[in-house]
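Right, one structure below, let's go through it.
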Amino acid sequence: MPTKKISSETGNASLDLALDTIKIGKQAIVFVNTKRSAEKTAEDIFKKIKTNSHKLEELSNNILKSISSPTKQCHRLSRCIKQGIAFHHAGLVSKQRELIEDSFRYGLIKIICSTPTLAAGLDLPAFRTILKDLKRFGPRGMAYIPVLEYLQMAGRAGRPKYDKFGESIIVSISENDKKKLHEKYILGEPEEIHSKLAVEPALRTYLLSLIATNFVNTRKQIIDFFGKTFWAYQFRDMEKLIFIIDKMLNLLAEWEFIIQEKEDFASADKLDDNKIRATRMGKRVAELYIDPLTAYFFISCLKKSKSINEFSFLQMVSHTLEIRPLLRAGVKDQDWIQEKIAEFDSFLLEKEPSIYEHEYEDYINSIKTASMFYEWINEKDEEYLLENYNIRPGEIRGKMDIAYWLLFASSEISRILNLQNLNKEIIKLRIRLKHGVKEELLSLIKIKGIGRVRARKLHFNRVKDIKDVKNADITKLIQILGKQVALSVKKQVGQEVKEIPKGTRKGQVSLSGY
DNA sequence: GGACGGTGAAACTTCAGGTTGCCTC
DNA sequence: GAAGTTTCACCGTCC
């Protein structure tokens, strides 16, 4: 096999490879196994480079501007970007990711240190991919990643338009390691693909939606349908498959999402032809596309609710399969989480399980996750959440999106259950969650161009609702919001300002003292 | 003698990501 | 499993 030597400048193979890539005028993606490692590797590389680029400077500023209150992470990224190096993982907000991906395509950014976020889906080729870690922490400790994933990452190397070939390099730590990696990944076969239907949450979700859309209406049709899927093809054992389908049907019936019209049990054939249809609730659950188990959980929580507050619903949506992975409660978290449980005891829709129960850990994690949401709707910023919950801006957005959707689902369920008062509260909470604001800012947030930061500024300056905005002097509004936004706000409340009074001071009123 | 600071070893902690889904001005 | 972080014992210095 031909070999190629690369000068060792740092004593660290990944760094040397990255620096060499820049030297030969190409680009590389370095794949690592943790977010922290992505950030550190990028920093290690940028410290070895000195470039001066106006464009990079500008990009670096835009990275910071992607978020209303930049976190430590954002500053770190913006420092790396100044030298044409970036890190990339799910903790970045989508705007930042976009900026990085685009400028890598233009060739402005030379190296991206990434977790597997960049491995699949995106068309982001580089001349070189440097695979630093092929082991990752999983349920059973550190384990080699699947060959399929390796192929995904390796496949990023080689840009059809620019290069005739690409290089994908695995970094090994010893001769022994090298042998092992070569055998497993270079010579090895990729794993078999498994049907996603094989897991119960997916199966019951699809089963319900097939029934709800009248695609299938009898047990026989259901079995016929699933018999033709990839799942059945792979599973082979049709009898066991029918057993699982029956189990799911019984569950859906028990939860009152479907009704099996039992006419005549005289023969098995007839049983097979009995009509199965979705109930009103079942139909809506199928439309909402949530796991029926989650829907059933929501129903039982909402039905038994007595006293409620925001935390009630936040904890409820934080304890679903959809929102996983939950924030993990560490040793240090245990005390304050217990205090939270005590504080919100009467509001919790789900009581604390015994410490010996299997579900205890999940429950504690759901409280931690709910607390994070709770802080968000009480206007704590991203930096605070990063420090106290170890959750990064991009992950906050991701979790928030799911919770927002789950809250919508629960408000719909409460509507069908005729629990109007709950429905009202959930809708309010949903808006608060979306914008991360206290209740008092709800009316201001309706104005286009006003988010949590500007709404708080307005409120601090005694502009507390639409009426106040109407009454407010344009000069004052400009001081608070800046000219463009102030004019747009006035326009939205039906007051077009043609002429701005002279002597309006430039700059904005700050929030100092708040 | 006691407060304080520095040091290094030991113990502890943490660890990827993605798909759909709903509504709406 | 490995890297980063916290804790803690230990020692020397200074007042």
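Please read these numbers as outputs of a predicted model, since none were measured by experiment. Numbered from 1 within each chain, the chains take letters A, B, ... in sequence-line order.
Taking every side-chain heavy atom of A:K196 into account, B:dT19 is the closest of C:dA3, B:dG17, B:dT19. Residue A:E149 places its side chain closer to B:dA16 than to any other of C:dA2, B:dA16, B:dC23. Across C:dG1, B:dT19, B:dC23, the shortest atom-to-atom separation from the side chain of A:K135 is found for C:dG1. Side-chain proximity of A:N390 to the nucleotides C:dA2, B:dT14, B:dT19 is greatest for B:dT14. Distance from the side chain of A:F408 is smallest for B:dC23 among the nucleotides B:dG18, B:dC15, B:dC23. In this structure, the nucleotide among B:dA16, B:dC23, C:dA3 sitting nearest to the side chain of A:R284 is B:dC23. Taking the side chain of A:R430 as heavy atoms from C-beta on, and the options B:dG18, B:dC22, B:dT14, the nearest nucleotide is B:dC22. Between B:dG17, B:dC22, B:dA16, one nucleotide has an atom nearer to the side chain of A:H89 than all others, and that is B:dG17. Among the nucleotides B:dG18, B:dG17, B:dA16, the one closest to any side-chain atom of A:R136 is B:dA16.
Side-chain contact, A:T279 with A:E256: no donor N or O sits under 3.5 Å from an acceptor N or O.
In this structure, A:R97 reaches the B:dG18 phosphate: one of its side-chain N or O atoms is under 4.0 Å from OP1 or OP2. The side chain of A:K35 places an N or O atom within less than 4.0 Å of a non-bridging phosphate oxygen (OP1 or OP2) of B:dA16. Residue A:T117 has no polar side-chain atom (N or O) positioned under 4.0 Å from OP1 or OP2 of B:dA16.
Across B:dA16 and C:dG4, the matching P atoms stand 14 Å from one another, rounded to whole Å.
Base-pair partner of B:dA16: not found among the strands shown (Watson-Crick or G-U wobble, both distances under 3.5 Å).
Proximity of the aromatic rings of A:F311 and A:F373 is defined here by a centroid distance below 6.0 angstrom, and this criterion is not met.
Looking only at distances, a side-chain donor or acceptor of A:H89 sits under 3.5 Å from a matching main-chain atom of A:G91. Side-chain atoms of A:D16 come within 3.5 Å of backbone N or O of A:E9 as a donor-acceptor pair.
At the heavy-atom level, A:K448 lies nowhere under 4.0 Å from the strands shown. Nucleic acid contact for A:E322: none, since no nucleic acid atom lies under 4.0 Å from a heavy atom of the residue. As judged by a 4.0 angstrom heavy-atom cut-off over every strand, A:I290 is placed among residues making no nucleic acid contact.
The CD1-P distance, from A:I29 to B:dA16, rounds to 18 Å in whole Å.
In this structure, A:F137 packs face-to-face on the six-membered ring of B:dC15, meeting both the 5.5 Å centre cutoff and the 30° plane limit.
Summary of the strand contacts: A:P325 and A:I402 both lie near DNA chain B, and taking for each the nucleotide with the nearest heavy atom, the more 5' one is attributed to A:P325.
Cation-pi geometry between A:R432 and A:W376 is not met: the NZ or CZ atom fails to fall both under 6.0 Å from the ring centre and inside 45° of the normal.
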